[in-house]
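To start, the structure under review is shown below, and the notes come after it.
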Number of protein chains: 2
Amino acid sequence: MTKRTNDNGTERITMTDIAKMAGVSVATVSRVINDSPGVSDENRKRISKLIEELGYQPNFTARNLVRQSTRTIAVINMQTLGQLHAQPASGRMLQGIESVLTSNGYRCTILSRDEFAQDMSELRLIKGGSVDGILLNGAKLNDPLALELTQRNFPFVIIGRAIGLVNSHYVDIDNVFGAYSAVESLVRLGHRRIAHVCGSQQTNLGVERLEGYRRALLEAGLAYNESLVIDAGLTRKEVYTSVRRFFENIAQEERPTAVFTFNDFFAIPVIRALLDLGLQVPRDVSVIGFDDDEASQYLNPPLASVRAPISEMGMKAAEMLLKLIQGKQIDSRQVILQTRVIERDSLGSPSPPA
Amino acid sequence: MTKRTNDNGTERITMTDIAKMAGVSVATVSRVINDSPGVSDENRKRISKLIEELGYQPNFTARNLVRQSTRTIAVINMQTLGQLHAQPASGRMLQGIESVLTSNGYRCTILSRDEFAQDMSELRLIKGGSVDGILLNGAKLNDPLALELTQRNFPFVIIGRAIGLVNSHYVDIDNVFGAYSAVESLVRLGHRRIAHVCGSQQTNLGVERLEGYRRALLEAGLAYNESLVIDAGLTRKEVYTSVRRFFENIAQEERPTAVFTFNDFFAIPVIRALLDLGLQVPRDVSVIGFDDDEASQYLNPPLASVRAPISEMGMKAAEMLLKLIQGKQIDSRQVILQTRVIERDSLGSPSPPA
DNA sequence: ACGTTCTGCGTAAACGTTTACGTTTCTGGC
DNA sequence: GCCAGAAACGTAAACGTTTACGCAGAACGT
């Protein structure tokens with residue numbers, strides 16, 4: 001076989017080349033590259049210079065092979081019907097993750113997984129040794145992949161909580177409290193009939209925010225009424241249609257005066273549906289979302305929301321995973337970040353009955 | 001050194017193990033794994049079964065090393081001040097890219113690069129042989145990284161156009177025409193004073209959309225007036241402030257009756273600024289954006305926009321890159337996808353002067 | 001002068017695959 | 001019965017690193 005070359009004909013520079021040119025062995029070159037001791041200052045300087053001049057870069061693959069580590073982690077997103085990447089929250093998160101990883105010399109590869117697929121093809125990654133750790137962005141209830149990873153003792157951190165998994169590492173925001181406080185601020189404004197456009201009940205996020213909604217109602221002495229929970233689906237289109245139908249079909253005196261939506265992503269079509277029915281926001285119906293997307297403050301009306309430190313969540317998760325991989329001390333297996341309600345013009349007091 | 005083990009104590013299964021258990025050589029095992037000819041049906045069946053039972057997965061790194069290919073491509077995003085991932089467009093694109101890559105057995109790793117950084121640290125990736133190709137999501141004028149990649153004859157595809165690079169592979173939407181048609185539809189509605197909130201003039205996107213704006217004006221016999229081009233910055237906050245200041249300081253009779261914004265991302269704060277000044281959309285000012293984010297149709301008012309097949313752009317780029325890597329025939333080095341104006345309620349005719 | 005310790009360096013094995021090449025066995029044609 | 005060719009398989013090199021180990025010579029103590 002002929003020697004491997006680049007397409008442009010120049011041969012790829014290898015450690016052996018450097019060694020020959022420097023008149024030393026590859027071991028010595030390797031030592032200077034890795035800042036290992038055992039090489040004279042003179043040699044170290046000369047070899048460094050050579051490397052610099054030739055623009056030599058050690059081959060990652062070869063290094064990974066012998067090190068038995070790829071310095072790569074996988075970010076596995078829940079692929080809820082192709083909608084996930086469209087959600088700004090995931091963008092913010094990815095950004096946080098990436099910044100931490102690259103500044104620690106790690107890289108990330110992203111994949112999505114189908115919420116309904118059963119094959120767990122993601123396992124190939126870890127069996128094939130191509131990633132050192134996994135960030136699970138979102139988990140199902142009793143998530144089988146998370147379960148499998150735990151059994152294999154493979155380093156992973158869940159973003160969001162994993163109901164049904166004990167002692168798993170995760171970072172999350174306090175969804176229950178966040179939802180609770182959103183609803184509570186509606187109550188404080190005088191609202192008594194509050195609807196909730198909930199998220200997928202197959203995900204912890206959806207379950208927890210619904211739970212916060214429920215608790216706030218109970219604590220306020222209001223009945224938790226399932227008919228006020230709108231399980232709309234995953235897309236904006238579905239949300240629009242469901243909410244519109246809901247408000248069309250409800251008697252005026254039973255109509256909710258406020259809606260708490262699963263997230264800001266959903267709040268936009270909710271408001272649209274209300275407006276299209278001739279209902280004013282917030283005069284007739286107040287709306288509050290969750291996540292506090294950067295755009296929410298500029299919407300019309302500016303959307304009240306629960307601020308969630310999404311990007312920080314990604315960063316914390318990445319940091320925790322790196323510690324896990326490097327076998328460092330971890331202060332706490334669980335990190336819960338706090339949220340806070342941001343009141344904006346989409347909020348108002350219910351108008352007195354005519 | 002002791003034999004490498006997993007953390008849970010079980011040794012990682014290797015091809016040698018399979019070979020021993022099957023009573024054959026590693027070569028034979030390798031052949032069945034890769035569906036190569038030269039192994040009896042009997043052996044093939046037996047070995048396959050063994051692999052299945054043990055859940056054996058070939059080590060990616062070792063395979064990559066000998067194959068001199070990682071089946072990984074890098075998606076390099078322009079990190080315009082940390083805003084990029086917040087832009088829905090990038091999310092949609094990533095999704096398109098990822099789906100094509102994974103269905104072809106490739107993986108992707110994402111990184112962002114600082115628009116202003118000079119070091120080109122991304123080159124380490126290709127020198128270190130850790131990616132087979134690169135998708136450049138966005139390029140600067142005379143982009144040095146793109147230039148370098150071209151010189152090295154390294155497979156890459158630009159998403160968006162690369163001004164200053166001849167014969168580079170890229171997929172893009174027709175930004176000039178898209179912008180042109182947006183402005184043209186404003187003209188058709190009777191608008192004569194049309195402002196443009198432009199994108200970064202350091203990027204091709206920004207330049208091209210401005211150019212489309214300019215051409216439409218000229219073609220309509222309207223003067224291109226630089227004072228109507230608002231170079232607002234990169235963040236929504238900056239856009240809000242600039243646009244607000246612009247409309248505050250302009251004489252009523254010179255006030256634009258319509259605004260074409262660089263993208264939908266910018267249109268949201270633009271509308272907010274107008275509303276905050278007591279201007280109605282579209283009664284006083286019409287607004288049209290670009291990209292047609294999935295949310296735009298639900299905004300208040302529903303935002304007219306130029307529909308851009310963002311996800312398809314990602315897919316086409318990924319497909320082209322794969323062909324490039326695999327040395328296949330490429331029909332066309334450049335792919336231009338078409339756009340079309342989506343008219344919505346943010347558009348209206350200018351009100352006659354009072 | 002002679003051990004001992006340290007420093008600097010090279011040798012070679014190892015990481016887990018793929019694959020060119022050689023060898024054996026089988027098949028079939030004459 | 002012989003030989004050609006094919007089929008099935010094994011051997012070993014190669015991919016480009018890291019690192020345990022060994023060895024020479026210097027430095028240092030007595």
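Values below: all heavy atoms of this structure, side chains included; hydrogens, waters and symmetry mates excluded. By convention in this document, chain letters (A, B, ...) are assigned in the order of the sequence lines, proteins followed by strands, and residues within each chain are numbered from 1.
Within a 6.0 Å radius of CD in A:E53, more than 12 heavy atoms belonging to other residues, nucleotides or ligands are found.
The side-chain hydrogen bond (donor to acceptor under 3.5 Å, both in side chains) check on B:S311 picks up nothing, with sequence neighbours excluded. Every side-chain contact (heavy atoms from CB on, under 4.5 Å) that B:Q57 has, sequence neighbours left out, goes to A:R124, A:K127, B:F60. For the side-chain hydrogen bond (donor to acceptor under 3.5 Å, both in side chains) test, residues two or more places apart in sequence or in another chain that qualify with B:R161 are B:D172. Looking at residues two or more places apart in sequence or on another chain, you find a side-chain contact (heavy atoms from CB on, under 4.5 Å) between A:A22 and A:V24, A:R46, A:I47, A:L50. Judged as a side-chain contact (heavy atoms from CB on, under 4.5 Å), and not counting sequence neighbours, the contacts of B:V100 are B:N104, B:M315, B:A318, B:E319, B:L322. Here B:T61 pairs with nothing under the side-chain hydrogen bond (donor to acceptor under 3.5 Å, both in side chains) rule; sequence neighbours left out. Residues passing the salt bridge (charged side-chain N to carboxylate O under 4.0 Å, His left out) test with A:D132: none are found, sequence neighbours excluded. Applying the salt bridge (charged side-chain N to carboxylate O under 4.0 Å, His left out) rule to A:E148 yields the partners A:R152; only residues at least two apart in sequence or on another chain are considered.
Summary of helix geometry: the two end axes of the helix from C:dA1-D:dT30 to C:dC30-D:dG1, each defined by five base pairs via their C1' atoms, are inclined to each other by 50° (rounded to 10°).
Here the C1' atom of nucleotide D:dC9 and the CD1 atom of B:I18 are 18 Å apart, to the nearest Å. Protein atom CZ of A:F60 is 11 Å distant from nucleotide atom P of D:dT18, rounded to whole Å. Rounded to whole Å, atom C1' of D:dT17 lies 14 Å from atom CZ of A:R71. The CG-P distance, from B:N64 to C:dT18, rounds to 10 Å in whole Å. In this structure, the CZ atom of A:R31 is 11 Å from the P atom of D:dT18, given to the nearest Å.
With DNA chain C read from its 5' end, the first of the two nearest nucleotides for A:V24 and B:T28 is the one closest to A:V24. Map A:V29 and B:A62 each onto its nearest nucleotide of DNA chain D; the residue landing nearer the 5' end is B:A62.
For the pair B:I97/B:L135, a side-chain contact is recorded, criterion being any heavy-atom separation below 4.5 Å from C-beta on. Within the 4.5 Å cutoff, the side chain of B:F154 has heavy atoms near those of the B:I134 side chain.
Side-chain contact of B:R44 with B:T28: a donor-acceptor pair under 3.5 Å is absent, judged by distance alone.
Distances were taken from every side-chain heavy atom of A:P58 (C-beta onward) to each of C:dG10, D:dC9, D:dT17; the shortest belongs to D:dT17. Candidate nucleotides C:dG16, D:dT17, D:dG10 were compared by shortest atom distance to the side chain of A:N59, and D:dT17 ranks first. Minimum atom distance to the side chain of B:R63 is reached by C:dT17, of the listed D:dT18, D:dG10, C:dT17. Among the nucleotides C:dT18, C:dG16, D:dT19, the one closest to any side-chain atom of B:M15 is C:dT18. Comparing atom distances between the A:L65 side chain and each of D:dC15, D:dC9, C:dC15 picks out C:dC15 as nearest.
Taking 4.0 angstrom as the limit, A:T14 places none of its side-chain polar atoms (N or O) nearer than this to OP1 or OP2 of D:dG16. Taking only side-chain nitrogens and oxygens, A:T61 never comes nearer than 4.0 Å to OP1 or OP2 of D:dT17. One finds a side-chain N or O of B:S30 lying less than 4.0 angstrom from the OP1 or OP2 phosphate oxygen of C:dT18. For C:dA14, neither phosphate oxygen OP1 nor OP2 lies less than 4.0 angstrom from any side-chain nitrogen or oxygen of A:Q68. Under 4.0 angstrom from either OP1 or OP2 of C:dG16 there lies no side-chain N or O belonging to B:Y56.
With hydrogens and angles left out, the side chain of B:R12 and the base of C:dG16 share no donor-acceptor pair within 3.5 Å.
DNA chain C lies under 4.0 Å from at least one heavy atom of each of the following residues of residues 33-49 of chain A: A:G38, A:V39, A:S40, A:N43. Applying a 4.0 Å cut-off to non-hydrogen atoms, none of the residues of residues 122-131 of chain A approaches DNA chain D.
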Using residues 326-333 of chain B as the side-chain source, report each donor-acceptor pair under 3.5 Å to any protein atom, sequence neighbours left out, with the distance given to one decimal.
residue: B:Q326; atom: OE1; partner: B:K328; partner atom: NZ; Å: 3.2
residue: B:S332; atom: OG; partner: B:Q334; partner atom: N; Å: 3.3
residue: B:S332; atom: OG; partner: B:Q334; partner atom: O; Å: 2.6
residue: B:R333; atom: NH1; partner: B:N167; partner atom: O; Å: 2.6
residue: B:R333; atom: NH1; partner: B:H169; partner atom: NE2; Å: 3.2

